[in-house]
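Following: one structure in structure tokens, then a few remarks.
Proteins get letters first, then strands, A, B, ... in listed order; numbering begins at 1 in each. Basis for what follows: all heavy atoms, side chains included, without hydrogens, waters or symmetry-related copies. The structure displayed is predicted, hence computed values, not measured ones.
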2 protein chains.
Amino acid sequence: MARALSVVGDRWTLLVLREAFFRTRRFEDFQARTGAPRPVLAERLRSLVDDGVLERRQYSDRPDRFEYRLTEKGVDLYPVLVSLLRWGDRWMADDDEPPITLRHRGCGQIVQPELACPGCGEWVTARDMEAVGPRATLAGAR
Amino acid sequence: MARALSVVGDRWTLLVLREAFFRTRRFEDFQARTGAPRPVLAERLRSLVDDGVLERRQYSDRPDRFEYRLTEKGVDLYPVLVSLLRWGDRWMADDDEPPITLRHRGCGQIVQPELACPGCGEWVTARDMEAVGPRATLAGAR
DNA sequence: CAGTATCCTCGAGGATACTG
DNA sequence: CAGTATCCTCGAGGATACTG
């Protein structure tokens with residue numbers, strides 16, 4: 001997890017990722033929507049590309065223009081973002097910023113995805129899970 | 001989400017939280033397990049308490065001893081941690097650090113919880129969800 | 001055991017102007 | 001539009017010693 005954190009564990013990176021999930025793709029748009037200083041944004045995009053989370057693609061020559069798109073590895077970060085979003089809406093509600101509403105395309109309902117057990121299909125919370133293995137001596141979520 | 005990030009969005013805070021889910025409760029144990037410098041750890045614990053994620057409880061007087069336990073708000077961060085863990089194990093595999101294994105107490109199976117739609121029960125990925133509302137013009141996960 | 005006090009460094013990142 | 005170059009500040013956090 002420490003390594004995962006080294007990829008996504010800072011404010012600007014996560015804001016950039018959120019925008020990427022909202023289909024933002026261009027430097028100027030990322031800049032306007034996240035408010036990140038340009039040099040910071042450039043550095044974050046570069047390292048996300050290095051980490052294989054975003055892919056840099058040329059969408060025009062003359063002049064050269066580039067866009068950034070989520071890779072499969074990037075798309076797979078969705079649960080992290082959704083969980084963070086959900087927690088923020090639930091516990092840090094803010095009148096200034098309305099909660100983001102998500103719809104499940106499959107069934108059409110407005111929902112917040114939640115964790116379930118792929119083994120039995122039941123919904124799970126921290127209390128339903130326990131850690132096993134090397135850390136088992138002190139394992140087990142509360 | 002920016003506010004959620006202001007609570008959990010840094011390396012030491014997330015390591016502290018992970019340890020809290022592993023039932024670590026005491027200052028010295030957090031220090032040993034996360035490796036955070038003592039002043040940094042003290043500051044992080046204090047702000048997690050201020051944010052209502054951890055609760056500081058005296059478990060002994062003479063001498064005074066304190067422990068830190070997850071509040072309900074803190075326990076509810078579990079999906080964020082699990083998602084991060086899962087992503088790290090999947091994409092940043094590292095021979096030095098074996099993946100953490102989780103067992104669902106309910107069915108006994110070793111699993112990694114995944115996102116499902118509370119409306120219809122189907123498993124969901126980024127592609128199955130779309131954003132609606134104020135951000136809808138640029139919404140929709142890839 | 002559970003912190004606080006002190007000191008020091010170094011690098012992140014804000015502002016801004018510039019370039020192809 | 002998609003960045004790079006420059007400059008500057010300030011605060012995070014590492015190391016370490018100390019306290020009740």
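- A distance-only check finds no donor-acceptor pair linking the side chain of T34(B) to the backbone of V16(B) [under 3.5 Å].
- Phosphate proximity of dC1(D) to Y68(A): absent, as no side-chain N or O sits under 4.0 Å from OP1 or OP2.
- With a cut-off of 3.5 Å on both pairing distances, the Watson-Crick and G-U wobble pairs of DNA chain C assemble into stems of 3 or more at C:1-20 with D:1-20.
- Between the T24(B) side chain and the D29(B) main chain, no donor and acceptor come within less than 3.5 Å of each other.
- Atoms CD and CZ, from E67(B) and F30(B) in turn, are 9.5 Å apart once rounded to the nearest 0.5 Å.
- Residues satisfying the salt bridge (Lys or Arg N to Asp or Glu O under 4.0 Å) criterion with R90(A), sequence neighbours excluded, are D76(B).
- Rounding to whole angstrom units, CZ of residue R25(A) and P of dG3(D) are separated by 15 Å.
- Y59(B) is not listed as a side-chain neighbour of R25(B), based on a closest heavy-atom distance of 4.5 Å or more.
- Residues meeting the side chain to side chain donor-acceptor pair (under 3.5 Å) test with R46(A), sequence neighbours left out: none.
- Between D10(B) atom CG and dA12(D) atom C1' the separation is 10 Å, expressed in whole Å.
- With sequence neighbours left out, E72(B) forms a side chain to side chain donor-acceptor pair (under 3.5 Å) with no residue at all.
- Summarising the geometry, the separation between CZ on R65(B) and P on dG3(C) is reported as 10 Å, rounded to the nearest angstrom.
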For residues 108-126 of chain A, dump all side-chain donor-acceptor pairs below 3.5 Å to protein atoms at least two apart in sequence or in another chain.
{"unit_1": "T125(A)", "atom_1": "OG1", "unit_2": "R127(A)", "atom_2": "N", "d": "3.4"}
{"unit_1": "T125(A)", "atom_1": "OG1", "unit_2": "D128(A)", "atom_2": "OD2", "d": "3.3"}

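- Spacing between atom CG of L41(A) and atom P of dA2(D) amounts to 11 Å, rounded to whole angstrom units.
- Listed nucleotides: dG13(D), dA2(D), dC1(C). Nearest to the side chain of E28(B): dC1(C).
- By the criterion of side-chain heavy atoms lying less than 4.5 angstrom apart, applied directly or through intervening Ile, Leu, Val, Met, Phe, Trp or Tyr residues, W91(A) is grouped together with Y78(B) in one hydrophobic cluster.
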Can you give the donor-acceptor pairs under 3.5 Å from side chains of residues 36-44 of chain B to other protein atoms, not counting sequence neighbours?
{"unit_1": "R38(B)", "atom_1": "NH2", "unit_2": "E28(B)", "atom_2": "OE2", "d": "2.8"}
{"unit_1": "R44(B)", "atom_1": "NE", "unit_2": "D10(B)", "atom_2": "OD1", "d": "3.3"}
{"unit_1": "R44(B)", "atom_1": "NE", "unit_2": "D10(B)", "atom_2": "OD2", "d": "3.0"}
{"unit_1": "R44(B)", "atom_1": "NE", "unit_2": "T13(B)", "atom_2": "OG1", "d": "3.2"}
{"unit_1": "R44(B)", "atom_1": "NH2", "unit_2": "D10(B)", "atom_2": "OD2", "d": "2.7"}

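- Taking D64(B) as the reference, Q58(B) meet the side chain to side chain donor-acceptor pair (under 3.5 Å) condition, with sequence neighbours excluded.
- Atom CG in D29(B) sits about 7 Å away from atom P in dC1(C), given to the nearest Å.
- Sorted by first then second residue, the salt bridge (charged side-chain N to carboxylate O under 4.0 Å, His left out) pairs that include residues 47-63 of chain A, not counting sequence neighbours, number zero.
- Taking for each of P63(A) and D64(B) the nucleotide of DNA chain C with the nearest heavy atom, the 5'-most of the two is the partner of D64(B).
- Whole-Å rounding puts the F66(A) CZ to dA2(D) P distance at 10 Å.
- In this entry the distance linking CD of Q58(B) with P of dC1(C) reads 16 Å, nearest Å.
- Going from atom CD of Q31(B) over to atom P of dG3(C) covers 12 Å, rounded to whole Å.
- Among the protein residues, F30(A) comes within range of no part of the nucleic acid, since none of its heavy atoms lies under 4.0 Å from any strand.
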Atom pairs under 3.5 Å, N or O on each side, protein against nucleotides 14-18 of chain C: can you list them with distances?
{"unit_1": "dG14(C)", "atom_1": "OP2", "unit_2": "W12(A)", "atom_2": "NE1", "d": "3.1"}

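- Near DNA chain D, meaning a heavy atom under 4.0 Å from it, residues 43-56 of chain A has R46(A), R56(A) in order of number.
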